[in-house]
Amino acid sequence: MDLKGRDFLKLMDFTSEEITYMLDLAADLKEKKKKGVLTEWHKGKNVALIFEKTSTRTRCAFEVAAHDLGMGTTYLDPSGSQIGKKESIADTARVLGSMFEGIEYRGYGQGIVDELAEYAPVPVWNGLTNEFHPTQMLADLLTIREHFGKLEGIKLAYMGDARYNMGNSLMVACAKMGMHFAACTSAKYFPDPALTEECRRIAARTGASVTLTEDVKEGTKDADVIYTDVWVSMGEPEDVWAERIQDLSPYQVNASVMANAKKDAVFMHCLPAFHDLKTKIGKEMWEKFGIAEMEVTDEVFESEASVVFQEAENRMHTIKAVMAATLGVPEE
Ligand code: CP
Ligand code: NVA
(Lines give C-alpha, C1' and ligand atoms only; values in the text may rest on other atoms or scores of the structure.)
(Ligands and ions follow the chains in the order given, each with its own letter.)
Protein backbone atom coordinates (compact mmCIF):
# COMPACT_ATOMS: atom_id res chain seq x y z
CA MET A 1 0.00 0.00 0.00
CA ASP A 2 1.49 3.34 -1.00
CA LEU A 3 -0.38 6.57 -0.35
CA LYS A 4 2.68 8.80 -0.77
CA GLY A 5 1.82 12.06 -2.52
CA ARG A 6 -1.95 11.63 -2.11
CA ASP A 7 -4.24 14.35 -0.77
CA PHE A 8 -6.65 13.56 2.07
CA LEU A 9 -9.74 15.56 1.16
CA LYS A 10 -12.64 13.21 1.89
CA LEU A 11 -13.05 9.54 2.78
CA MET A 12 -14.93 8.87 -0.46
CA ASP A 13 -11.60 9.18 -2.32
CA PHE A 14 -10.19 6.12 -0.53
CA THR A 15 -10.93 2.41 -0.85
CA SER A 16 -11.89 0.31 2.16
CA GLU A 17 -8.42 -1.27 1.98
CA GLU A 18 -6.71 2.12 2.02
CA ILE A 19 -8.80 3.18 5.01
CA THR A 20 -7.92 -0.04 6.83
CA TYR A 21 -4.25 0.59 6.03
CA MET A 22 -4.43 4.07 7.61
CA LEU A 23 -6.20 2.63 10.68
CA ASP A 24 -3.54 -0.07 11.04
CA LEU A 25 -0.81 2.55 10.70
CA ALA A 26 -2.53 4.72 13.33
CA ALA A 27 -2.78 1.74 15.71
CA ASP A 28 0.93 1.06 15.19
CA LEU A 29 1.85 4.72 15.73
CA LYS A 30 -0.30 4.77 18.88
CA GLU A 31 1.49 1.72 20.25
CA LYS A 32 4.88 3.23 19.44
CA LYS A 33 3.91 6.50 21.16
CA LYS A 34 2.79 4.63 24.30
CA LYS A 35 6.06 2.70 24.38
CA GLY A 36 8.11 5.86 23.87
CA VAL A 37 9.42 4.68 20.47
CA LEU A 38 10.32 7.75 18.41
CA THR A 39 8.88 8.08 14.89
CA GLU A 40 10.75 11.12 13.57
CA TRP A 41 10.30 9.92 10.01
CA HIS A 42 10.04 13.38 8.45
CA LYS A 43 12.78 15.35 10.19
CA GLY A 44 13.52 18.65 8.52
CA LYS A 45 10.08 18.96 6.91
CA ASN A 46 7.44 21.58 7.69
CA VAL A 47 3.66 21.69 7.43
CA ALA A 48 1.25 24.63 7.21
CA LEU A 49 -1.93 24.51 9.30
CA ILE A 50 -4.62 26.84 7.95
CA PHE A 51 -7.59 27.32 10.26
CA GLU A 52 -10.36 29.58 8.99
CA LYS A 53 -12.55 28.15 11.78
CA THR A 54 -11.48 27.59 15.39
CA SER A 55 -10.30 24.27 16.82
CA THR A 56 -8.98 22.55 19.92
CA ARG A 57 -8.55 18.87 18.92
CA THR A 58 -7.68 19.14 15.25
CA ARG A 59 -5.09 21.86 15.69
CA CYS A 60 -3.47 20.17 18.69
CA ALA A 61 -3.56 16.79 16.94
CA PHE A 62 -1.81 18.16 13.84
CA GLU A 63 0.77 20.05 15.90
CA VAL A 64 1.64 17.15 18.22
CA ALA A 65 1.57 14.59 15.41
CA ALA A 66 3.78 16.75 13.17
CA HIS A 67 6.22 17.23 16.06
CA ASP A 68 6.27 13.49 16.75
CA LEU A 69 7.10 12.92 13.07
CA GLY A 70 10.00 15.37 13.43
CA MET A 71 8.34 18.20 11.53
CA GLY A 72 7.86 21.89 12.19
CA THR A 73 4.43 23.57 12.00
CA THR A 74 3.16 27.02 11.11
CA TYR A 75 -0.35 27.85 12.33
CA LEU A 76 -2.43 30.36 10.37
CA ASP A 77 -5.38 31.38 12.52
CA PRO A 78 -8.83 32.45 11.32
CA SER A 79 -7.71 36.07 11.09
CA GLY A 80 -4.08 35.45 10.19
CA SER A 81 -4.11 34.48 6.53
CA GLN A 82 -4.90 36.35 3.35
CA ILE A 83 -6.52 33.25 1.87
CA GLY A 84 -9.59 34.04 -0.22
CA LYS A 85 -9.65 37.67 0.94
CA LYS A 86 -6.58 39.28 -0.56
CA GLU A 87 -5.11 36.23 -2.25
CA SER A 88 -6.78 33.53 -4.31
CA ILE A 89 -6.81 29.90 -3.21
CA ALA A 90 -4.69 28.99 -6.25
CA ASP A 91 -2.00 31.57 -5.42
CA THR A 92 -1.98 30.60 -1.73
CA ALA A 93 -1.57 26.95 -2.69
CA ARG A 94 1.46 27.69 -4.84
CA VAL A 95 3.07 29.95 -2.22
CA LEU A 96 2.61 27.50 0.64
CA GLY A 97 3.52 24.59 -1.61
CA SER A 98 6.90 26.18 -2.19
CA MET A 99 7.72 26.36 1.53
CA PHE A 100 5.95 23.42 3.14
CA GLU A 101 5.83 19.66 2.55
CA GLY A 102 2.13 19.45 3.46
CA ILE A 103 -0.87 21.74 4.02
CA GLU A 104 -3.82 21.26 6.38
CA TYR A 105 -6.95 23.29 5.74
CA ARG A 106 -10.00 23.82 7.99
CA GLY A 107 -12.69 26.10 6.75
CA TYR A 108 -15.85 26.49 4.76
CA GLY A 109 -16.77 24.93 1.41
CA GLN A 110 -15.23 21.64 0.31
CA GLY A 111 -14.48 23.41 -2.99
CA ILE A 112 -11.80 25.48 -1.21
CA VAL A 113 -9.81 22.49 0.03
CA ASP A 114 -10.28 20.78 -3.34
CA GLU A 115 -8.88 23.85 -5.10
CA LEU A 116 -5.95 24.11 -2.68
CA ALA A 117 -5.13 20.49 -3.50
CA GLU A 118 -5.42 21.11 -7.22
CA TYR A 119 -2.81 23.88 -7.14
CA ALA A 120 -0.51 22.77 -4.30
CA PRO A 121 2.35 20.48 -5.32
CA VAL A 122 2.30 18.84 -1.85
CA PRO A 123 -0.33 16.75 0.01
CA VAL A 124 -3.35 18.72 1.29
CA TRP A 125 -5.27 17.42 4.32
CA ASN A 126 -8.87 18.39 5.10
CA GLY A 127 -9.16 19.41 8.76
CA LEU A 128 -12.96 19.99 8.40
CA THR A 129 -15.16 21.68 5.84
CA ASN A 130 -18.91 22.32 5.88
CA GLU A 131 -19.42 19.08 3.99
CA PHE A 132 -16.85 16.65 5.41
CA HIS A 133 -14.59 15.91 8.39
CA PRO A 134 -12.45 13.01 7.17
CA THR A 135 -9.69 13.01 9.82
CA GLN A 136 -12.45 12.72 12.44
CA MET A 137 -13.69 9.61 10.60
CA LEU A 138 -10.41 7.78 11.00
CA ALA A 139 -10.37 8.55 14.73
CA ASP A 140 -13.96 7.34 15.05
CA LEU A 141 -13.32 4.14 13.12
CA LEU A 142 -10.19 3.42 15.16
CA THR A 143 -12.13 3.97 18.40
CA ILE A 144 -14.95 1.67 17.28
CA ARG A 145 -12.47 -0.99 16.16
CA GLU A 146 -10.57 -0.75 19.46
CA HIS A 147 -13.81 -1.14 21.39
CA PHE A 148 -15.60 -3.86 19.40
CA GLY A 149 -12.60 -5.52 17.74
CA LYS A 150 -14.16 -5.05 14.29
CA LEU A 151 -16.01 -2.60 12.06
CA GLU A 152 -18.02 -4.86 9.77
CA GLY A 153 -21.59 -5.34 10.90
CA ILE A 154 -21.48 -2.60 13.57
CA LYS A 155 -24.64 -0.47 13.67
CA LEU A 156 -24.09 3.26 14.16
CA ALA A 157 -27.07 5.52 14.80
CA TYR A 158 -26.40 9.20 14.21
CA MET A 159 -28.82 11.62 15.89
CA GLY A 160 -29.25 15.36 15.34
CA ASP A 161 -27.97 17.45 12.45
CA ALA A 162 -27.14 14.74 9.90
CA ARG A 163 -27.04 17.07 6.89
CA TYR A 164 -23.68 18.64 7.75
CA ASN A 165 -20.04 17.50 7.88
CA MET A 166 -20.44 14.82 10.57
CA GLY A 167 -23.61 13.17 9.26
CA ASN A 168 -22.30 13.08 5.68
CA SER A 169 -18.90 11.77 6.71
CA LEU A 170 -20.16 9.06 9.05
CA MET A 171 -22.54 7.80 6.36
CA VAL A 172 -19.60 7.48 3.94
CA ALA A 173 -17.36 5.86 6.59
CA CYS A 174 -20.01 3.28 7.46
CA ALA A 175 -20.79 2.47 3.82
CA LYS A 176 -17.11 1.97 3.01
CA MET A 177 -16.42 -0.22 6.03
CA GLY A 178 -19.46 -2.51 5.85
CA MET A 179 -21.27 -0.92 8.79
CA HIS A 180 -24.95 -0.14 9.26
CA PHE A 181 -25.62 3.59 9.31
CA ALA A 182 -28.90 5.04 10.53
CA ALA A 183 -29.53 8.77 10.45
CA CYS A 184 -32.13 9.21 13.14
CA THR A 185 -33.48 12.74 12.92
CA SER A 186 -36.11 14.98 11.42
CA ALA A 187 -36.25 14.57 7.60
CA LYS A 188 -35.14 18.20 7.26
CA TYR A 189 -31.74 17.13 8.60
CA PHE A 190 -31.16 13.96 6.56
CA PRO A 191 -27.79 13.75 4.76
CA ASP A 192 -27.36 15.00 1.20
CA PRO A 193 -29.62 12.91 -1.13
CA ALA A 194 -27.02 12.42 -3.89
CA LEU A 195 -24.42 11.35 -1.32
CA THR A 196 -26.97 9.01 0.27
CA GLU A 197 -27.53 7.33 -3.11
CA GLU A 198 -23.80 6.96 -3.66
CA CYS A 199 -23.39 5.46 -0.18
CA ARG A 200 -26.23 3.01 -0.84
CA ARG A 201 -24.46 1.85 -4.01
CA ILE A 202 -21.24 1.32 -2.02
CA ALA A 203 -23.19 -0.39 0.77
CA ALA A 204 -24.56 -2.93 -1.71
CA ARG A 205 -20.96 -4.02 -2.33
CA THR A 206 -19.61 -3.92 1.21
CA GLY A 207 -22.56 -5.42 3.09
CA ALA A 208 -23.30 -2.08 4.77
CA SER A 209 -26.70 -0.41 4.91
CA VAL A 210 -27.97 3.15 5.01
CA THR A 211 -31.22 3.95 6.80
CA LEU A 212 -32.82 7.37 7.20
CA THR A 213 -35.57 7.53 9.79
CA GLU A 214 -37.46 10.04 11.91
CA ASP A 215 -38.38 7.31 14.40
CA VAL A 216 -36.06 7.33 17.45
CA LYS A 217 -37.04 3.84 18.60
CA GLU A 218 -36.50 2.31 15.16
CA GLY A 219 -33.33 4.24 14.39
CA THR A 220 -31.51 3.49 17.63
CA LYS A 221 -32.83 -0.06 18.18
CA ASP A 222 -29.94 -2.46 18.75
CA ALA A 223 -27.34 0.13 17.78
CA ASP A 224 -23.75 -0.54 18.84
CA VAL A 225 -22.83 3.12 18.60
CA ILE A 226 -24.99 6.15 19.34
CA TYR A 227 -23.37 9.25 17.84
CA THR A 228 -24.30 12.90 17.90
CA ASP A 229 -22.82 16.34 17.22
CA VAL A 230 -23.69 19.95 17.99
CA TRP A 231 -26.99 21.21 16.59
CA VAL A 232 -25.45 24.39 15.19
CA SER A 233 -22.06 24.13 13.49
CA MET A 234 -19.24 26.61 13.16
CA GLY A 235 -19.95 29.26 10.57
CA GLU A 236 -23.74 28.97 10.82
CA PRO A 237 -25.71 32.09 11.79
CA GLU A 238 -26.68 32.48 15.45
CA ASP A 239 -30.34 32.95 14.60
CA VAL A 240 -30.77 29.27 13.67
CA TRP A 241 -30.45 28.16 17.32
CA ALA A 242 -34.16 28.52 18.16
CA GLU A 243 -35.26 26.43 15.17
CA ARG A 244 -32.59 23.78 15.77
CA ILE A 245 -33.48 23.41 19.43
CA GLN A 246 -37.12 22.97 18.50
CA ASP A 247 -36.46 20.55 15.61
CA LEU A 248 -33.71 18.47 17.18
CA SER A 249 -34.69 18.24 20.87
CA PRO A 250 -36.65 15.02 20.14
CA TYR A 251 -33.35 13.57 18.90
CA GLN A 252 -31.30 14.33 22.01
CA VAL A 253 -29.13 11.42 23.17
CA ASN A 254 -30.40 10.58 26.64
CA ALA A 255 -30.70 7.55 28.93
CA SER A 256 -33.79 6.23 27.16
CA VAL A 257 -32.02 6.33 23.77
CA MET A 258 -29.06 4.43 25.23
CA ALA A 259 -31.44 1.90 26.82
CA ASN A 260 -32.99 1.24 23.40
CA ALA A 261 -29.56 0.53 21.89
CA LYS A 262 -27.58 -2.68 22.48
CA LYS A 263 -26.65 -3.43 26.08
CA ASP A 264 -22.96 -2.75 25.48
CA ALA A 265 -23.52 0.23 23.16
CA VAL A 266 -21.11 3.15 23.29
CA PHE A 267 -21.75 6.87 23.06
CA MET A 268 -19.61 8.91 20.68
CA HIS A 269 -19.32 12.62 19.84
CA CYS A 270 -16.67 14.43 17.81
CA LEU A 271 -16.67 17.20 20.47
CA PRO A 272 -16.98 19.94 21.54
CA ALA A 273 -20.34 19.03 23.15
CA PHE A 274 -23.08 20.95 24.94
CA HIS A 275 -23.96 18.69 27.87
CA ASP A 276 -23.92 21.11 30.80
CA LEU A 277 -23.83 24.79 31.70
CA LYS A 278 -20.06 25.07 31.84
CA THR A 279 -19.75 26.84 28.46
CA LYS A 280 -20.61 30.38 27.39
CA ILE A 281 -22.98 29.22 24.64
CA GLY A 282 -24.49 26.57 26.93
CA LYS A 283 -25.30 29.29 29.47
CA GLU A 284 -26.72 31.58 26.79
CA MET A 285 -29.06 28.81 25.60
CA TRP A 286 -30.15 28.20 29.18
CA GLU A 287 -30.98 31.87 29.60
CA LYS A 288 -32.79 32.13 26.25
CA PHE A 289 -34.55 28.76 25.98
CA GLY A 290 -34.38 27.20 29.45
CA ILE A 291 -32.45 24.10 28.33
CA ALA A 292 -29.46 22.95 30.38
CA GLU A 293 -28.31 20.20 28.02
CA MET A 294 -28.56 20.02 24.26
CA GLU A 295 -27.54 17.19 21.89
CA VAL A 296 -26.57 14.87 24.78
CA THR A 297 -27.47 14.76 28.44
CA ASP A 298 -24.71 15.12 31.00
CA GLU A 299 -25.73 11.71 32.36
CA VAL A 300 -24.91 9.95 29.05
CA PHE A 301 -21.85 12.09 28.36
CA GLU A 302 -20.33 11.17 31.73
CA SER A 303 -21.52 7.54 31.69
CA GLU A 304 -19.43 4.38 31.37
CA ALA A 305 -20.74 4.03 27.80
CA SER A 306 -19.13 7.29 26.73
CA VAL A 307 -15.87 6.85 24.79
CA VAL A 308 -15.54 10.50 23.77
CA PHE A 309 -12.12 11.10 25.31
CA GLN A 310 -10.61 7.94 23.82
CA GLU A 311 -12.08 9.17 20.52
CA ALA A 312 -10.48 12.60 21.03
CA GLU A 313 -7.07 11.08 21.78
CA ASN A 314 -7.35 9.01 18.63
CA ARG A 315 -7.55 12.20 16.57
CA MET A 316 -3.82 12.61 17.16
CA HIS A 317 -2.81 9.05 16.28
CA THR A 318 -4.94 8.97 13.13
CA ILE A 319 -3.86 12.43 11.93
CA LYS A 320 -0.28 11.28 12.41
CA ALA A 321 -1.09 8.26 10.25
CA VAL A 322 -2.58 10.47 7.51
CA MET A 323 0.49 12.71 7.42
CA ALA A 324 2.89 9.76 7.59
CA ALA A 325 1.07 7.80 4.88
CA THR A 326 0.86 10.70 2.44
CA LEU A 327 4.42 11.90 3.09
CA GLY A 328 5.81 8.38 3.02
CA VAL A 329 6.29 5.61 5.59
CA PRO A 330 9.88 4.32 5.89
CA GLU A 331 10.41 0.59 5.47
CA GLU A 332 11.12 -1.06 8.82
N1 CP B 1 -13.70 17.29 16.75
C2 CP B 1 -13.04 18.37 16.32
O3 CP B 1 -12.76 18.58 15.14
O4 CP B 1 -12.70 19.22 17.32
P5 CP B 1 -12.06 20.68 17.15
O6 CP B 1 -13.10 21.55 16.50
O7 CP B 1 -11.70 21.11 18.53
O8 CP B 1 -10.85 20.57 16.26
N1 NVA C 1 -20.38 19.96 12.98
C2 NVA C 1 -19.36 20.58 13.80
C3 NVA C 1 -18.20 19.66 13.95
C4 NVA C 1 -17.11 20.17 14.87
C5 NVA C 1 -15.98 19.24 15.02
C6 NVA C 1 -18.95 21.90 13.18
O7 NVA C 1 -18.76 21.95 11.96
O8 NVA C 1 -18.85 22.88 13.91
Side-chain angles (χ1 to χ4, degrees), residues 8-11 26 47 49-66 73 75-78 104-110 112-113 125-144 158-173 183 185 188-192 195 225 227-238 240-241 244-245 247-248 251-253 267-275 278-282 285 294-296 301 306-320 322-323:
F8 188 76
L9 305 176
K10 56 185 192 302
L11 219 54
V47 296
L49 309 176
I50 308 172
F51 281 81
E52 296 206 286
K53 289 176 179 170
T54 53
S55 166
T56 296
R57 274 147 294 274
T58 310
R59 176 188 175 180
C60 294
F62 268 100
E63 292 209 11
V64 172
T73 55
Y75 172 67
L76 294 152
D77 76 14
E104 179 276 353
Y105 173 83
R106 163 173 287 199
Y108 296 87
Q110 180 71 18
I112 302 174
V113 77
W125 308 300
N126 178 358
L128 176 147
T129 57
N130 295 346
E131 294 87 347
F132 297 111
H133 197 2
T135 60
Q136 180 75 50
M137 291 309 103
L138 294 184
D140 294 348
L141 292 173
L142 181 65
T143 308
I144 295 168
Y158 180 88
M159 305 186 76
D161 182 9
R163 89 221 129 103
Y164 220 64
N165 41 29
M166 287 304 303
N168 284 340
S169 301
L170 284 164
M171 181 171 67
V172 174
T185 185
K188 232 164 116 179
Y189 300 91
F190 282 166
D192 178 69
L195 187 68
V225 179
Y227 203 119
T228 191
D229 180 22
V230 289
W231 290 341
V232 176
S233 285
M234 290 183 280
E236 292 200 278
E238 282 215 4
V240 299
W241 271 109
R244 292 289 162 78
I245 288 171
D247 292 345
L248 297 176
Y251 300 96
Q252 180 192 59
V253 178
F267 168 70
M268 296 181 72
H269 191 308
C270 55
L271 304 182
F274 293 118
H275 58 95
K278 293 179 190 156
T279 65
K280 190 166 163 270
I281 293 177
M285 295 306 133
M294 286 195 264
E295 71 273 12
V296 56
F301 187 89
S306 177
V307 294
V308 295
F309 296 111
Q310 179 186 346
E311 185 184 0
E313 178 192 330
N314 283 338
R315 297 298 310 286
M316 199 282 284
H317 306 297
T318 46
I319 280 173
K320 196 187 286 178
V322 169
M323 288 197 287

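Note: hydrogens, waters and symmetry copies are ignored here, and every other heavy atom, side chains too, is used. Note that the numbering runs from 1 along the sequence shown for the chain. In listed order, ligands and their atoms are each counted from 1.
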May I ask you to list the atoms of ligand 1 that are less than 4.0 angstrom from any heavy atom of H133? 2 (C), 3 (O)

Would you check if the side chain of E311 reaches a backbone N or O of D140 as a donor-acceptor pair within less than 3.5 Å? no

Any atom of ligand 1 sitting under 4.0 Å from a heavy atom of R106? yes

Proximal atoms of ligand 1 relative to R57 (non-hydrogen, under 4.0 Å): 1 (N), 2 (C), 4 (O), 5 (P), 7 (O), 8 (O)

For atom 2 (C) of ligand 1, the protein heavy atom that lies nearest, with its residue and separation: R315 NH1, 3.2 Å

Using distance alone, decide if ligand 1 has a nitrogen or oxygen within less than 3.5 Å of any nitrogen or oxygen in R59. no

For ligand 1, is there an atom lying under 4.0 Å from some heavy atom of L271? yes

Please enumerate all residues that pass ring-ring contact (aromatic ring centres under 6.0 Å, His included) together with Y164, with sequence neighbours excluded. none

Is M234 in polar range of ligand 1, meaning some N or O pair under 3.5 Å apart? no

Close-contact set for ligand 1 against T56 heavy atoms, below 4.0 Å: 5 (P), 7 (O), 8 (O)

Looking only at atom types and distance, does a side-chain atom of E131 sit under 3.5 Å from a main-chain N or O of Q110, one as donor and one as acceptor? yes

Main-chain N/O of H133 paired with S169 side-chain donor or acceptor, under 3.5 Å: yes

Give a yes or no on whether the backbone of T129 and the side-chain of N165 come within a donor-acceptor separation of less than 3.5 Å. yes

At a 4.0 angstrom heavy-atom cut-off, ligand 2 is contacted by L128, H133, N165, D229, V230, S233, M234, C270, L271

Fit a plane to each ring of W241 and F274, take the angle between them on a 0 to 90° scale, and name the class: parallel (under 30°), tilted (30 to 60°) or perpendicular (over 60°). perpendicular

Any non-hydrogen side-chain atom of T135 less than 4.5 Å from a side-chain atom of R315? yes

Would you check if the side chain of R244 reaches a backbone N or O of W231 as a donor-acceptor pair within less than 3.5 Å? yes

Might you point out which heavy atoms bring D229 and S233 nearest each other, and give the distance in Å? OD2-OG, 4.4 Å

Would you confirm whether R106, through its side chain, and G127, through its main-chain N or O, come within 3.5 Å as a donor-acceptor pair? yes

